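Keep in mind it's a predicted model, so treat the numbers as computed, not measured.
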Amino acid sequence: MDPNPQTVLPRTKRKPDITTVLRKSWYHLRLSVRHPSRVPTWDAIVLTAASPEQAQLYDWQLRRAKRMGRIAPSTITLAVPDPEGQRIGSGAATLNAIHALTKHTELVVNGGDGAVGLMGKKHILLLHAGGDSKRVPWANPMGKVFLPLPFLAADNPDGPVPLLFDHILAIASCARQAFKNEDELVKNQAILDDGRALLDTGIIAVRGNAWVELVKLACSCQPLISELLKSKKEMSLYEDLVAAWVPTKHDWLQHRPLGEALVNKLGKQRMFSYCAYDFLFLHFGTSSEVLDHLSASDSALVGRRHLCSIPATTVSDIAASSVVLSCKIADGVSIGEDSLIYDSNISSGIQIGSQSIVVGMNVPKDSDNMAGNSIKFMLPDRHCLWEVPLVGCTERVIVFCGIHDNPKNPLKKDGTFCGKPWEKVMHDLGIEENNLWSSSSSQEKCLWNAKLFPILSYFEMLRVGMWLMGLSDGKNLHYLPLWRNSPRVSLEELHRSIDFSKMCTGSSNHQADLAAGIAKACINYGMLGRDLSQLCEEILQKETSGVEICKDFLALCPKLIEQNSKILPKSRAYQVQVDLLRACGEETKAYQLEHEVWASVADETASAVRYGFGEHLLESSGSKSTLAFRNNNHVSSMDKPFCPKTVKVELPVRVDFVGGWSDTPPWSLERAGCVLNMAVSLEGSLPIGTVVETTNSNGVLIIDDSGKELHIKELASIAPPFDGDDPFRLVKSALLVTGIIRENILVSNGLRIRTWANVPRGSGLGTSSILAAAVVKGLLQIIDGDDDNENVARLVLVLEQLMGTGGGWQDQIGGLYPGIKYTRSYPGIPLRLQVFPLVASSQLISKLQERLLVVFTGQVRLAHQVLQKVVLRYLRRDNLLVSSIKRLTELAKIGREALMNCDVDKLGEIMLEAWRLHQELDPYCSNEYVDKLFAFADPYCSGYKLVGAGGGGFALLLAKNATCAKELRSMLGKNPEFDSVIYNWTIY
């Protein structure tokens, strides 16, 4: 049987699900950055720049991307300017960038084969970003590749605004794995399954000998580039360099700049192209195209408010469809529909029209110059407005134009300014042509080189700006002389004179101030629902005062905790202080306080199991509160004369389909949890059990399945914290949570407790929790306590906190309740669990038994190592983690419906998404062996995942059909690469 039947990509145009594809790409990017040994990342990322100054800006952006986890720490980043700031074309810039990279990494050995051999093994992402963006002029200062693109911004509301560059990195992370053939391009989401790509220029991948020869040429390219500089010619990547790999273009190329050298050096190799049908470009070539992308109706795609401070609707007029990013907006501001406002401080009295773009504006508060005016400045509909800091200039120059103005269009051929023909502009304003363009210049006259923008005081520039845009009728006599007599610059001159250092500092401080304002509001007025750890990262970019701001926040914490002690979980309050201490550089204090965080989680879990339980759990026997607690609960029969009694409890293991992590404290103590799992026996038997029997001698004898024994005579010695290597801490904790030690039940009798778990260690089948449930249930039956399954499940939650392993309720629920079940938890005191058994039809049972393989991977894992990382991220209110667990609970609901409808294929899809989300929570929940196993099984399966927290243990492989299941079982048995064991199972 062929599990990979050939398919033909359709040529019909279908609307791609950009949201889903981008989200998968971002997941892939985060995985490659956090765990590059599993998902290889780029060895180097190189950007070309137009000038050394722009290269400094790009280096700042690359450092930002690395700090925010967009680029792996091991990846080399480099911004390479065109030599002498002169345009040499994208082809020559490619050679120059590769040469600069070899020098940067000290790989050049006299330009010899050593450098070439080492570079030939590297995976490099090279992006050309050195253009002047004439049709998106407001993006010139930042570089068009770094313009704001808030796609999926809502996934991480406390993080910085996503940029176009960030999304390119996400898509490129998939392409890094997809350079083998077209099928892998589709599979890894570099190309959509209908043949379209998310990159408007496609991907040029240079591999093998072609790459080696290109590196050789780059290492010796300096004479060629010098020749280009002298001749003031350019060499294109898309026309010239690529043509060297196309034999039919060689004759044409010989007559191009450096064409002969390209043919001689590269011409032996051939270029192979794959053309997908119905490409859909995400193009950002004009300002109007940028706004079109942001006006998408998909609310899950575009974040319209991100890291911004905006006033109430009663004191401002901000359209719901406008996009406001990293901005501080004052009262009395109006923003029209579908406008983009980014990285700006807008003070009162500013009106911004519809479909407009405002970037980097810092409009100060009212001054004497503007006193008495309710409206300081108006930007008409369909206009752009931005500020540019210039080298040697104290004032930032205010720049503006119409959205549809093309700065390249000549004066006499459709050239416009602010949407009006030049002739009308000059007539209305009384401006002469020679005021804008030098008569001696040979350049074609256009908006790009028009000396339009005056350098004046800030509010004078605002007033003159409104006049130039045609909003100051009848005031030519006042503004025309002011404009004529002022120093003025063109867009072209601005592009060459930007003070990138000042721009970077200003942007960093602006972002830090916004983050500080949001964090302060969260502490003063809120319930600490924001990710303060992430906000502090931005605050610390303000080098002079960032630490002091964090110290001020730390000083506010005691008052906050005191005011909200009844409703704010202590674990969260302590974690906030830990994060702030680390931001202040107080690592030792932060480490000491971490113990309080975990102690609080344990205490909150105990209290949620039963009101007051946490306070009484560890009290010595005989105290007043203990006796009161005892009187309200069961009365033991073990203080009566000795009567032999034996209890045996045997339980199945559980396999979980989806929903895990939503059952884990503190999530389940604060939010609803949903899990879909199934109880199974392995190899025809129930693998987990205990025998508890009374003895007429004092103390407790514990025997495990390895033959180890422990006799405890002094029960008062049983107290947490327990040693992590103590093999008997589970039974000790069970004696505590059942009240046997607290209530001094073993006065004249003793206990003998034997336990076993006939499954491999670190199985992921919930073995530890289910064994704990068996022991707790057995002990409660011995003392005639409440052995109801829900009570046992909640007591095991406390037990695992005492053990120090943590854990949720799904494992014990999975083992205590038979069959397939969907379980919900409701936060509160007590924590309430509701189990919904799924009455499985014979058809569903048959399908699952035929298609589901339960496989032990041979990889041992420890759940608490993964669990602690995930719990810590939740305590920090990591937004990506919160949204991932929310999605897992949604999938549990969907999975329940799928099984009720006997839709096993849908269950497979859910398992795959659940597995992706588990890796989002912690990339170390898998490893190279598991990845290889799943890649091997993928052609045969509709879904797969590791059970439990992951990291190893058992895997579920849901085959496409019974035939695929048999084939996969056979292939795994024959393949020596996999030390795996397939277990026979039945639903219990």
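- Nearest heavy atom pair, residue Leu921 against residue Ser884, reads CD2-CB, 3.8 Å.
- In this model, no donor atom of one side chain and acceptor atom of the other lie less than 3.5 Å apart for Thr823 and Gln834.
- Summarising the geometry of Phe954 relative to Pro760, their closest heavy-atom pair is CE1-CD, 3.9 Å, with the distance given to 0.1 Å.
- Between the side chain of Asp531 and the backbone N or O of Asp158 there is no donor-acceptor pair closer than 3.5 Å.
- Side chain to side chain, Arg824 and Tyr826 meet the donor-acceptor criterion of an N or O pair below 3.5 Å.
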Stepwise, does the side chain to side chain contact (heavy atoms under 4.5 Å, CB included) test hold for Gln810 with Trp661?
CA-CA 9 Å; Gln810 80 130 324; Trp661 291 116; over 6 Å; no

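- Classification of Lys520 and Asp552 as a salt-bridged pair fails, no side-chain N sitting under 4.0 Å from a carboxylate O.
- With respect to Arg876 and Asp579, a salt bridge is recorded, a charged nitrogen being found less than 4.0 Å from a carboxylate O.
- When atom types are taken as modelled, the side chain of Tyr929 and the backbone of Thr857 share a donor-acceptor pair closer than 3.5 angstrom.
- In this structure, a donor-acceptor pair under 3.5 Å is present between the side chains of Asp787 and Gln781.
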Using salt bridge (charged side-chain N to carboxylate O under 4.0 Å, His left out), reason through Glu693 and Arg754 one step at a time and then give a plain yes or no.
CA-CA 9 Å; Glu693 53 187 319; Arg754 183 168 64 89; over 6 Å; no

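- Taking 4.0 Å as the cut-off between side-chain N and carboxylate O, Lys893 and Glu890 do not count as a salt-bridged pair.
- Note on Arg654 versus Asp811: salt bridge recorded, some NZ/NE/NH1/NH2 to OD/OE distance being below 4.0 Å.
- A salt bridge links Glu587 with Arg582: the distance from a Lys NZ or Arg NE/NH1/NH2 to an Asp or Glu carboxylate oxygen falls below 4.0 Å.
- Relative ring orientation between Tyr924 and His35 is described as parallel, the plane-to-plane angle staying below 30° on a 0-90° scale split at 30° and 60°.
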Between Val576 and Phe553, is a side chain to side chain contact (heavy atoms under 4.5 Å, CB included) present by the stated rule, with each step listed?
CA-CA 10 Å; Val576 166; Phe553 292 159; over 6 Å; no

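- Using a 4.0 Å cut-off between charged side-chain N and carboxylate O, Arg877 and Glu670 make a salt bridge.
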Using side chain to side chain contact (heavy atoms under 4.5 Å, CB included), reason through Lys777 and Asp788 one step at a time and then give a plain yes or no.
CA-CA 8 Å; Lys777 195 175 187 70; Asp788 175 76; over 6 Å; no

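- When all heavy atoms of Pro837 and Val835 are compared, the closest pair comes out as CD-O, 3.3 Å.
- In this structure, a donor-acceptor pair under 3.5 Å is present between the side chains of Arg671 and Tyr874.
- In this structure, Lys570 does not pair ionically with Glu604, as no charged nitrogen and carboxylate oxygen lie closer than 4.0 Å.
- Side chain to side chain, Gln919 and Ser926 fail the donor-acceptor criterion of an N or O pair below 3.5 Å.
- Side-chain contact check for Ser662 and Trp667: no donor-acceptor pair (N or O, by modelled atom type) lies under 3.5 Å.
- When Leu676, Leu917, Val675 are each tested for a side-chain contact (heavy atoms from CB on, under 4.5 Å) with Leu888, only one passes: Leu917.
- Contact between Ala793 and Leu833 at its shortest, heavy atoms only, is CB-CD1, 3.9 Å.
- With respect to Asp656 and Lys945, a salt bridge is recorded, a charged nitrogen being found less than 4.0 Å from a carboxylate O.
- Salt-bridge annotation for Arg752 and Glu709: absent, with no side-chain N of the basic residue lying under 4.0 Å from a carboxylate O of the acidic one.
- Without hydrogens or angle criteria, Lys821 side chain to Tyr817 main chain gives a donor-acceptor distance under 3.5 Å.
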